Every structure is written in structure tokens, then in C-alpha cells.
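For clarity, every value in this text was computed on a predicted model and none was experimentally measured. First the proteins, then the strands, lettered A, B, ... as listed; each starts at 1.
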There are 2 protein chains.
Amino acid sequence: MSVTSEGRRRGPRRALTDDEILDAALDLLDEGGPDAASVRGIAARVGVAPNAVYTYFPDKAAVIRALVERLLGGVDHDMFADRSQPWRERVEALALELRAHLSAHPGAVPLVIGGPMDGPHALALNERLLQLLVDAGLDPTDAARASYLLIVYAFGSIALEVAAAHRPGPLPPESERVAIRQAAFSAASTEGFPRGAEAAATMAGYVSTEQYLWGLRRVLDGITARATPDGPTPAELPGRSGPRGIHSA
Amino acid sequence: MSVTSEGRRRGPRRALTDDEILDAALDLLDEGGPDAASVRGIAARVGVAPNAVYTYFPDKAAVIRALVERLLGGVDHDMFADRSQPWRERVEALALELRAHLSAHPGAVPLVIGGPMDGPHALALNERLLQLLVDAGLDPTDAARASYLLIVYAFGSIALEVAAAHRPGPLPPESERVAIRQAAFSAASTEGFPRGAEAAATMAGYVSTEQYLWGLRRVLDGITARATPDGPTPAELPGRSGPRGIHSA
DNA sequence: GCGTTCCCTGTACGGCGTCCAAACGCTGTA
DNA sequence: TACAGCGTTTGGACGCCGTACAGGGAACGC
């Protein structure tokens, strides 16, 4: 990603660090939306000429990649390695952590899902999920697929969430977003979408932590059905843990 | 969206239609990726000066919005209204239709998920899903949430899929993408991700129709669990259809 | 036929990512 | 201690981008 490597250089000392540049980029993203992180803007914010940035990163795409990687690296998932906890709760906590971390920087979310997500931190996240699902008793094939399913759900939710709020700056509080969503779907009732109108009142569940958890639990239910007796083959597997008590809150 | 409205105008005849502009934009998107649809490029392709575009749409964002709307409108979902078919099969067919339609234009996918998806066609899609889920026996609240869950899954899958392929032009054939994905995760094995490496062989399921359907079925399983006896309350509901035979192919 | 209305064009402005050549600070070596 | 050379930084420029403004010309209502 970065041009920087450790060790003393021959020329003059660098005025900045990679992280200072990434900080500036993230700040701009938070303030002005996904297009606000221009090379010139970043340079101005850290107090150098635009071209100086190219000493640290070969081009803007590399800055974005590094930023996304750092963002994913900031998702602390070591705390979810504790196998004494129920696996579903660990997955839920991890998913909530991911959502909280990413939606704190809504301008960066389109950049996260706009690229391949094949950096070390993305892989580490996948690794953690995989381990969790193996703990839950899934065979490696199902664990891999389920982990991808969970990743799709989490990132998809977050992406749609910030897309719905759709312009720059921090995400408005949940109550406001719910109101906006309601208004949109109420408007739909005048245009021939009877069920959409009927369900408008329940749309409050959209774009909310509650909706996020509800969907996550349905996904986990679906995965659980695979991990338990009526799984791949109809054969009964005696020793496994049965379906647990689901969806309390 | 468009500035155009029906009826004869006073001035000279228009050289173009809205759809010609959108066709040009979509072609550019398909050829050159999400950034290729510049106003100047579109104008050149349809043979007018760049400014002429602003006679049809107030700004570029409006062009994008109209394009996204038209794209979503192209998803034919009337065929999934037939209630004599099992609802799960109808949802699967609709999800496959959506994926086929969108991944045919990968450059446009980031634009689709980059905006609010509150246009008439997006609402109509939601409406269809809602109806399907009500047919399946869900109460309105759960149907609304489940419909949003399915939308998140479908669009999230497609978004991650095109993001993984990550640069312009049409999506490579599935076999190639699988190979790319495998290579990425094999590389991970040398960097301390044992389970990622172990599961690398199964990663072939990533980014494929098979994986898409697998995930979709797990989601449907999770939703089904809500619609059937062990649903909202532990009370037994006698008359409903029980859990059906799941995941065959 | 004329006046009005609207489409289209030429031109221009500010901002973008990025390249080039020059200025300069710093380090390793003589 | 002096110097050679490298790496950093800068001013300027190029070709894109979205889009605003003013003018010319085509079609319509009268």
C-alpha cells in the first residue's frame, strides 16, 4: 500500500506519517461524504503541497485501500474468541461491533464495499467468523459459506443504511432516519403500493439496530438449521447441541 | 428525475430522448466501470455537445438516479405473482432474476447501492417481496422486516460480487472469479490464517450462483422458522404449513 | 410574418488526479 | 570537513471533470 518502509532514509526527514494522511482523509470523508477526500484536500489539511502525498502513497487508490484496511483493522474482534460464550452471542456482538465501527464513518462505507476486501484485516475478520462457526459445529464447507453469508449481511446492511441517509456528514440519529424512511414509504401509499403502505408503520424497523439484529438472528437461525440434525443429510446426528432458544429480544 | 414532460413544446424538436442518454450512460458504465459515465462522454456518444445533456436532466446525479430506476424497472417480477407456485421458489426465482439483471451491468451496481433506492421501481420490488411473504403466512411486521432482509442479502451479495472483481468491464465468467478468489485465500494461508487456508478449497463457493442460492436458502430457512409454529411466541399454531423440504440443489 | 419559446452550442471557470523539473535538506563517504 | 547523491517537497502545468452563461437558430402560437 504505502511507499514507506522502515529504516533511515537518505534524504530530508519526512514531514508526515502515513497515518496522518489517513486521518486527514477520514476526517474529510466524515465531514463531506465519499467524494470529499481529494488529494488536494488531504494535502491542505495536513499542510503540504498536493504532490507531497505521492511520496507516501503511489496514487489516490492506494490511499483509499490503506484507509479501508485501517478501518477494518480497527474492528476489535479478539474479544470474541472466548469459546466459553455461546457462539450466537459472539457472532451478534461481533456484528454489532462491526456496524458501530463502520457507521461511525459513513463516508467511508462506500469505499469499503467498493473494493475487493482482500487485505489482511478483512481476511482476519473472515478468519474469526470462520472459527466461530466451526466452534458452532459446522463442517468447514458450511462454515466458509456461512461466514460469507454473514459478511454479506453485515456489510450489505451497513451499505444500504448509509445509502438511505444519502448525503454527507455523520449519520443522523436513528429516530430521525426512521422518520425519513416512514415518510418515504408513506408517500408510496399514494402511488399504488398497498402493502408498502400497510407496512409503513412497521417500516420503523428498517434502518435500525433492532432491524439489524432481527435480520442477523434470522440468518443465524438459517445457519443453525444447517448445523443441527436436519442438516445436510436427513440423518440424525445424536451428539450435537440442538437448536437453542432463539430471538429473545 | 427528467426535465422532459409529454406534450408539444414551443421550441425546436429535441434531438434525443431520455432513454438514448441513459443507454449511452449504461454502455459507458459497462465498458469502463463506475467512473466512465461522464457527462462529456455521454454527450459525445450520442453526438451532442456536453451541455445539451442538461436540457434532459438537471445534473449528473439525476441521470444516475434515472438510470438506476430504469435498471430496477427492468427486473421483471410480475411473473412471480403466481400464488399457485410455492412461495420459496418464487422468492428464489426473483432473487436470481435480480442478480442476473444487475450483474449484467457491473459498472452500475455501485450506483444502485450508492443511493437511497426509494424510486417507484424499487418500491414495487419491495411490494412484490412483501406480497410473497404475506402469502407465506408472515404477519405484516415480520413480512416487512423479512423483505428488507432479503433485499439486503440480494443487493449485498451482488455488491460484494462486483467489488471482488473490482475493475472495469463485464464480470469475468464464474469459473475465473472462483479461481481469483481461491488464489487470494490461498495467499492468506502463508500469512497466519489457518482456517482461511483450510477452507480455501471451499471458497470456490464464494462468488458463485451456488453460494448465492445457498445463502438465500439459509435466509429463507431463518424466515420460515418465524412463519412456522416455533415463531414469535412458543405457542403452537396448528393450521400453518410446517417447515418444508429444504435445500435440495 | 412575427414574436416567443426552447434546444443546442461555444466558451469559460474552478476543481480534480497526476506528471515534470527544479529547489532543498539530509546522510554516507571521502 | 567537504562533498556527492538521494529523497522530499514544491510550483507549475496538462487533461480531465461537472456545470454556468450567453448567443444563435429552429419550431410553434398568433
Side-chain angles (χ1 to χ4, degrees), chain A residues 1-22 24-25 28-29 31-67 107 110-111 114-115 167-168, chain B residues 1-22 24-25 28-29 31-67 107 110-111 114-115 167-168:
Chain A
M1 298 302 170
S2 164
V3 150
T4 311
S5 61
E6 68 295 333
R8 273 277 68 73
R9 315 289 270 246
R10 281 263 287 193
R13 294 202 179 85
R14 323 192 76 168
L16 311 162
T17 63
D18 289 16
D19 273 327
E20 285 178 279
I21 292 175
L22 299 183
L28 290 171
L29 247 21
E31 292 166 14
D35 296 338
S38 68
V39 174
R40 290 172 141 94
I42 294 169
R45 185 170 264 256
V46 293
V48 297
N51 310 345
V53 174
Y54 292 91
T55 309
Y56 299 82
F57 299 92
D59 53 23
K60 186 186 178 177
V63 178
I64 299 301
R65 277 196 302 271
L67 181 59
L111 306 179
R167 287 283 77 181
Chain B
M1 299 301 169
S2 165
V3 151
T4 309
S5 59
E6 68 297 332
R8 272 277 69 72
R9 315 288 270 248
R10 279 265 287 197
R13 295 201 178 88
R14 321 194 74 163
L16 310 162
T17 63
D18 289 14
D19 274 326
E20 285 178 278
I21 292 174
L22 299 183
L28 290 171
L29 248 21
E31 292 166 14
D35 296 338
S38 69
V39 174
R40 292 172 139 92
I42 294 169
R45 185 170 264 256
V46 293
V48 297
N51 309 347
V53 173
Y54 292 91
T55 308
Y56 298 82
F57 299 93
D59 54 22
K60 186 187 178 175
V63 178
I64 299 301
R65 277 196 304 272
L67 181 59
L111 306 178
R167 288 283 76 183

Over all atoms of both residues, closest heavy-atom pair of [X] and [Y]:
X: B:L28; Y: B:A36; answer: O-CB, 3.4 Å
X: B:L67; Y: B:L22; answer: CD1-O, 3.7 Å
X: B:P34; Y: B:L29; answer: O-CD1, 3.7 Å

[atom1] of [X] versus [atom2] of [N]: gap in Å, rounded?
X: B:F57; N: D:dT19; atom1: CZ; atom2: C1'; result: 16 Å
X: A:K60; N: C:dG15; atom1: NZ; atom2: P; result: 15 Å
X: B:I42; N: D:dC16; atom1: CD1; atom2: C1'; result: 15 Å
X: B:D35; N: C:dC16; atom1: CG; atom2: P; result: 15 Å
X: A:D18; N: D:dT8; atom1: CG; atom2: P; result: 11 Å
X: B:I64; N: D:dT19; atom1: CD1; atom2: P; result: 11 Å
X: B:R40; N: C:dT9; atom1: CZ; atom2: C1'; result: 13 Å

Considering heavy-atom distances to DNA chain D, does B:P12 or B:A61 have its closest nucleotide positioned more toward the 5' end?
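Its nearest nucleotide being more 5', the pick is B:A61.
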Between A:G47 and B:G41, which residue's closest nucleotide on DNA chain D lies nearer the 5′ terminus?
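Residue closer to the 5' terminus by nearest nucleotide: A:G47.
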Checking side-chain contact (heavy atoms from CB on, under 4.5 Å) for the pair B:D18/B:F57: CA distance, chi angles, key distance, verdict?
CA-CA 8 Å; B:D18 289 14; B:F57 299 93; 3.9 Å; yes
Can you tell which of [options] lies closest to the side chain of [X]?
X: A:R13; options: D:dT10, C:dC26, C:dG17; result: C:dC26
X: A:R10; options: C:dC16, C:dG28, C:dT9; result: C:dG28
X: B:P50; options: C:dC16, D:dT19, C:dC8; result: D:dT19
X: B:R14; options: C:dC7, C:dT9, D:dT9; result: C:dC7
X: B:Y56; options: D:dG18, D:dT9, C:dC8; result: C:dC8
X: B:S38; options: D:dC17, D:dT9, C:dG10; result: D:dC17
X: A:D59; options: C:dC7, D:dT10, C:dT18; result: C:dT18

Base of D:dG18 paired with side chain of B:N51 (donor-acceptor, under 3.5 Å):
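No such pair is found, so the answer is no.
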Any A:Y54 side-chain N or O less than 4.0 Å from OP1/OP2 of D:dT10:
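Checking A:Y54 against D:dT10: no side-chain N or O falls below 4.0 Å of OP1 or OP2.
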Between the side chains of A:E31 and A:R45, is the shortest nitrogen-to-carboxylate-oxygen separation below 4.0 Å, so that they form an ion pair?
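A:E31 and A:R45: salt-bridged.
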For a quick check of understanding: with a heavy-atom distance under 4.0 Å over all strands, which category does A:A52 fall into, base, sugar-phosphate or nothing?
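Since a base atom lies under 4.0 Å of A:A52, the category is base.
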